[in-house]
Amino acid sequence: MDVSNSSLDHTSESAIAMEAKNGEDFSVHVFSSSAELLEMLHEKWNSVKQQPYPAMYSSVYGGIILDPAMMVIPIDDHMVHRGHGVFDTGIIFDGYLYEMDVHLNRFLRSASKARIASPFTFSELKSILIQLSAASKCRKGTLRYWLSAGPGDFLLSPAKCPTSAFYAVVIDDDFQQCKKGVKVITSTIPMKSPLFATMKNVNYLPNVLSIMEAEDKGAVSSIWVDEEGYIAEGPNVNVAFVNSDKELILPNFDKILSGCTALRLLQLAPKLVEQGRLKCVKTTVITFEDAKGASEMMYVGSTLPLLPIIMWDDKPIGNGEVGELTMALSDLLWEDMAAGPESQRIRVPYA
């Protein structure tokens with residue numbers, strides 16, 4: 001008889017018995033009324049020093065919500081239990097909505113690919129988001145919005161969902177220009193297929209696992225490389241490079257999301273070409289080896305809008321310091337956010 005195994009078996013049985021006993025002692029509270037539940041939720045939110053979500057819109061409610069305890073969506077919404085939804089993110093900067101039309105157009109393109117019909121027209125969606133921003137009183141933050149197949153049941157098909165649902169929330173966020181470089185890794189998590197990568201949908205598990213993988217290795221984020229060995233994107237941002245010839249290069253958008261900020265960067269960067277600081281600006285395929293040999297590297301995304309990368313897989317990019325051209329490009333985006341043309345900025349009509 002193996003005494004050690006016998007001892008282990010006995011210990012295991014004791015642990016199971018103890019767990020079962022503890023389970024019997026565990027009592028789940030049953031809320032007697034909605035008033036009791038709301039009281040508990042209000043106690044939770046009242047303990048927060050600063051409300052991070054000043055306003056939400058829900059087409060299910062049919063209006064704007066200012067009470068954080070009521071900022072919820074139905075559990076049978078197909079976006080919740082089936083991932084059948086799309087989203088987009090914009091920013092509020094100094095009381096202006098930046099690049100709203102560009103983001104909304106991409107939002108509706110994603111909805112079309114996901115076969116979700118919007119309950120509102122483009123103009124109505126835009127009006128809702130402007131009114132929501134005004135009601136929030138937030139002058140600097142992010143605006144996130146979702147279009148779902150809607151609540152209805154727990155089946156795969158949305159056929160029995162009465163209507164699609166639109167949700168939006170303002171997030172108070174005092175973001176600043178990124179001037180310090182960060183470390184990234186090459187992700188081992190498989191990237192999405194082009195159909196899903198080019199559609200901004202809510203299925204973000206690969207993105208989440210990719211970020212977690214980077215954090216496990218002491219990095220901020222990661223870089224995806226496609227099956228052909230070409231650079232793709234980050235988990236929720238585009239990536240750009242400046243090579244030794246002073247060419248600004250971004251990967252083609254045919255297999256990845258066409259980032260609104262990346263597209264705007266491509267429009268603004270020629271100013272540096274005119275000044276003789278950049279040789280050219282282009283999108284093309286970028287091999288892993290060429291990318292590793294870049295002089296400068298950066299993430300590009302709405303809420304950054306540009307984040308310098310100085311270390312990749314524990315090896316320095318260029319001289320391992322934030323590049324001069326990286327910051328020049330960052331300045332172009334920040335200036336555009338702060339004082340760009342009316343086509344890029346919509347003033348929020350606060351009360």
Closest non-hydrogen atom pair between [X] and [Y], with its separation:
| X | Y | answer |
| --- | --- | --- |
| V202 | V86 | CG1-N, 4.1 Å |
| F196 | N201 | O-ND2, 3.1 Å |
| R109 | S258 | NH2-OG, 4.3 Å |
| L332 | A269 | CD1-CA, 4.1 Å |

Evaluate whether atom [atom1] of [X] has more than 12 neighbouring non-hydrogen atoms of other residues, nucleotides or ligands under 6.0 angstrom away.
| X | atom1 | answer |
| --- | --- | --- |
| K292 | NZ | yes |
| Y53 | OH | no |
| E342 | CD | no |
| M40 | CE | yes |
| K246 | NZ | no |

Looking at [atom1] of [X] and [atom2] of [Y], how far apart are the two atoms once the value is rounded to the nearest 0.5 Å?
| X | Y | atom1 | atom2 | value |
| --- | --- | --- | --- | --- |
| Y350 | K137 | OH | NZ | 11.5 Å |
| E99 | T261 | CD | OG1 | 6.0 Å |
| R264 | D336 | CZ | CG | 4.0 Å |
| D101 | N105 | CG | CG | 6.5 Å |
| M337 | Q177 | CE | CD | 9.0 Å |
| I171 | R144 | CD1 | CZ | 4.5 Å |

Validate the cation-pi geometry between K140 and F175: distance from NZ or CZ to the six-membered ring centre under 6.0 Å, angle to the ring axis within 45°.
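Yes, K140 sits over the ring of F175.
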Ion pair E335/K271, N-O distance below 4.0 Å
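Result for this pair is no, no salt bridge flagged.
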Is the shortest side-chain heavy-atom distance between [X] and [Y] below 4.5 Å?
| X | Y | result |
| --- | --- | --- |
| K183 | D314 | yes |
| D77 | Y167 | yes |
| S164 | S118 | no |
| K255 | E228 | yes |
| W224 | P206 | yes |
| D172 | Q51 | no |
| Y96 | I346 | no |
| F288 | T186 | yes |

Is [Y] reachable from [X] through a run of hydrophobic residues whose side-chain heavy atoms are each under 4.5 Å from the next?
| X | Y | value |
| --- | --- | --- |
| F166 | M70 | no |
| L66 | V169 | no |
| I128 | I73 | no |
| V182 | M311 | no |
| L263 | L268 | yes |

Is it the case that the side chain of [X] and the backbone of [Y] share a donor-acceptor pair, with hydrogens and angles ignored and the cut-off at 3.5 Å?
| X | Y | answer |
| --- | --- | --- |
| S136 | S133 | yes |
| S222 | A214 | no |
| N203 | G83 | yes |
| E296 | T326 | yes |
| D94 | A338 | no |
| R106 | L257 | no |
| H84 | A114 | yes |
| D290 | I286 | no |
| S112 | L108 | no |
| E247 | K282 | no |

May I ask you to list the residues sharing a hydrophobic cluster with V285, side-chain cutoff 4.5 Å, ordered by chain and number?
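Members besides V285, by chain and number: Y230.
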Verdict with supporting geometry, T142 and T89, side-chain hydrogen bond (donor to acceptor under 3.5 Å, both in side chains)
CA-CA 7 Å; T142 57; T89 304; over 6 Å; no
